[in-house]
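Accompanying notes for the structure given below.
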Amino acid sequence: MAGMIRKLIASGVAAKVLQEARKPHNQAKIKKMIADFQNKNKGGTGRTRGY
């Protein structure tokens, strides 16, 4: 019984996240976050392990 309730809550949360992600101002925020994350990962130090 508890597992079924947990799945219902999870599906409700997922539906809300998708609903919010469809809004244009949230899409712009998401795109900016992804671009920032990608730029952060590209800026590595270039060091390698010494073995």
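The chain is numbered in sequence order, starting from 1.
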| message | If I compare all heavy atoms of Gln27 with all of Arg22, which pair ends up nearest, and what's the gap? | response | NE2-O, 3.4 Å
| message | So, taking the atom named NZ in Lys23 and the one named CD1 in Ile30, what distance separates them when rounded to the nearest 0.5 Å? | response | 11.5 Å
| Nearest-0.5 Å distance that lies between atom NZ in Lys40 and atom CG in Asp36 | 9.5 Å
| request: Verify the cluster assignment for Val13 and Ile5: are they in a single hydrophobic cluster under the rule of side-chain heavy atoms below 4.5 Å apart? | output: yes
